[in-house]
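See structure below.
We name chains A, B, ... by the order of the sequence lines, and we start the count at 1 in each one. What's counted below: heavy atoms across the whole structure, side chains too, no hydrogens, waters or symmetry copies.
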Amino acid sequence: MFKRNLKIDFSPEEELEDNSASEVAELESSADRLGAHLLREWIDLSADQRVALKALIWEIDQACDLIDTNVEGVISSFQNISSRSQEQADQIRNLAVLSQEIEIDGEKRSVADLSSGLKDILAELIEKIVQLSSRGMSMVYKLNDINDELAHVDESIGQIERINSQTNLLALNAKIEAARAGEAGRGFAVVANEVRELAKTVDTLSTSLKGQISSISCGLQGAYQLVEEIATMDLSEQNLEINAGFSKMVDRLTSQNEQVADVLQHSATATQEISRDISMAVVSLQFHDRTKQIFQNVNVALGICADSMDALSSRSEDAAAEMDEETASAETFREQIVGGFTLNEMSRRFEAEFYPNAALVAGVHAIPAAEDDAAHLFNEAADAAADETDIDRDLDEVFETVTPPATVSQMAAPDNSTSDNDFADDDEIELF
Amino acid sequence: MKLTTSHIGTTYNAVIADRLAFSDHKAFRELLFAVTESGAKTCVFDLSRLQSIDSSGLGMFMVAHEEGAANGWDLVLKGANGHVDALLKLGKFDKILTLQEA
C-alpha cells in the first residue's frame, strides 16, 4: 500500500513544477504520512524482533542444558568403561601369572620348573629301573651258579653212595671171612657188622642229603622264576615307552602353557590401551564447558541487544502516537524466522511466541510448552494461524513481493514426532 | 637274539641283532665269558640291527659293564637307533660307559 503511495507521490515531476500553495501543503502532508507509516512499521518489526531475541536466548539456554545433561552422562559412562576395562586388564594379567604358577604345599612353583622336575624324576626312575634290572640279571646269574654248584654236590653224593656201597660189600666180605676163620674170627665178625651198620647210616644220610638238595633246587627254581618276573613283567619295554611318551606330553604342556600366557599378556596390553583411549576420549569431551561459556556470552550479548531495542522501541512508540498512523504488520519477518528453523519443535515454540492469542486459545504457554502436548498444541496453533495466513496473502499481493514466503501451515507440516530427528525426515526436507 | 662275534687284535666285536630279552640271558652270559677268555681289552656291542630291547636287556648291558670292569675290559655300545637308542639315553648309559654313533 505504501509502496504504491511512494510511486504516486514522487514520480510526477510536472506536478512539482506547478508551485501553487495547495500543492505544497498536499506534498507536506503526504511526507508526514510516509514517515508515520515507516515508523509504525519499524515499531511492529522491532516488537517481533525482541520476541524473537528472547526466544533465541531461551533456546540457547535450553541447548546449554541439553549439552550439560547429556555430555555429563556420556562422560560418566566413559569413565565407568575406562575403570571396568582397567579392572579387566588387571584380571587378565593375574590370569597370565596364575597360568604360569602352581602352588604346592604353600610353595609357588612355575609350570616350567614343575615339568623339568617331572622330567628329572622320570629320568631318575628309568635309571633306577635299569639298576634294578641289572641287579635282577646279576641275581639270575648267581642263581645259575648256585644251581651248577648244587649239581656238583649231587654228583659228590652219588660218589659217596658208590663208596658206601663198596664199603658195605667189603664189610659183608669181612663177615664171611670171619665166619670161615671160626672162633679166632669172632671178634672180626663184630667189627664187620659195625662197619655194615656205619655204611647203612651213611646211606640214610646221603639219601636225606639228596632229598634236601632236591628241595633246595626246587626253591632256587622258584626264586629264579620270581627274578624273571621282576626283570620282564614290571620293567617291560612297553612301560618304558609309555614313560618316554609322558616326557613328551609334559614338554608339550609346558610349551602350550607358555603360549596361553603370551596370549593373555597381549590381551591385557590391548585392554590397557583401550582404557587409555577411553580416558583420552573423556578429556576430549570437556569441550562442552567451552561451548557452554560461549553460548552464555552470546546470550548476554543478545540480552543487551533486546534491552536496547526495548528502549528505542518505547521512544519510537511515543513518536508514532503523535503521528497516529496505521501501518501494515511485519508478517514477513515472523514467517522468515519461523520458516528458517529446521527443527520442528523450535518452529512451534516461535509460532506460539509470535501468535500468543492462538496459543492461549489452545492453552499453550509460549515457550515452556510441555513436550507431550507440543504436537497436539501445535496443530491448534497452526489452525488458528491459518486465518492470519489469508491476510498475509492479501498483503503479499499488495507488496508484490518477489519471493512469497512459505505459509505457516506449509512451514510447520503436522508431524507427531517431536524428536530432533525431524530434520532427517525426507518430508521435512522437501517442505523446507 | 642273533649273535655274530669276531675277535680282531685287542677288540672283541659282537653284533647283537633282532631282539634282546630275558630269555637270552644264558647266551648272553656265555658271550661275556667268551670275551673275558679272549683277553680282549675292548668289547664292542654292535646294536645297529637290534630292533627292540626290554629292561632285562638293559640290565644285561649293565652286568656286561660290571663283568668287564671286574675282568679288565671296557664295553662300548655302538650304532643304537630308534627305540633302543632312546632307552639307552633315558637310562643314562652315557654316564657309565661309551655310546658310539654308527
Would you give the length of the straight line joining atom OG of B/Ser23 to atom CD of A/Glu228, rounded to the nearest 0.5 angstrom?
8.0 Å

With sequence neighbours excluded, residues passing side-chain contact (heavy atoms from CB on, under 4.5 Å) with A/Lys128:
A/Glu124

Heavy-atom side-chain proximity of B/Phe22 to A/Met137 below 4.5 angstrom:
yes

Mind checking which of residues 198-226 of chain A sit less than 4.5 Å from chain B, heavy atom to heavy atom?
A/Tyr224

So which bits of residues 60-73 of chain B come within less than 4.5 Å of chain A, counting non-hydrogen atoms only?
B/Met60, B/Met62, B/Val63, B/Glu66

Answer yes or no: are there more than 12 heavy-atom neighbours, outside A/Met139 itself, under 6.0 Å from its atom CE?
no

If you count heavy-atom pairs within less than 4.5 Å of chain A, which of B/Lys92, B/Lys95, B/Lys89 leads?
B/Lys92

Distance check, rounded to the nearest 0.5 Å: A/Glu127 atom CD versus B/Leu58 atom CG?
12.0 Å

Restricting to pairs with a member in residues 136-150 of chain A, which pass side chain to side chain donor-acceptor pair (under 3.5 Å), not counting sequence neighbours?
A/Asp145-B/Arg29

Would a 4.5 Å heavy-atom cut-off, applied to side chains only, mark A/Ile129 and B/Ser55 as touching?
yes

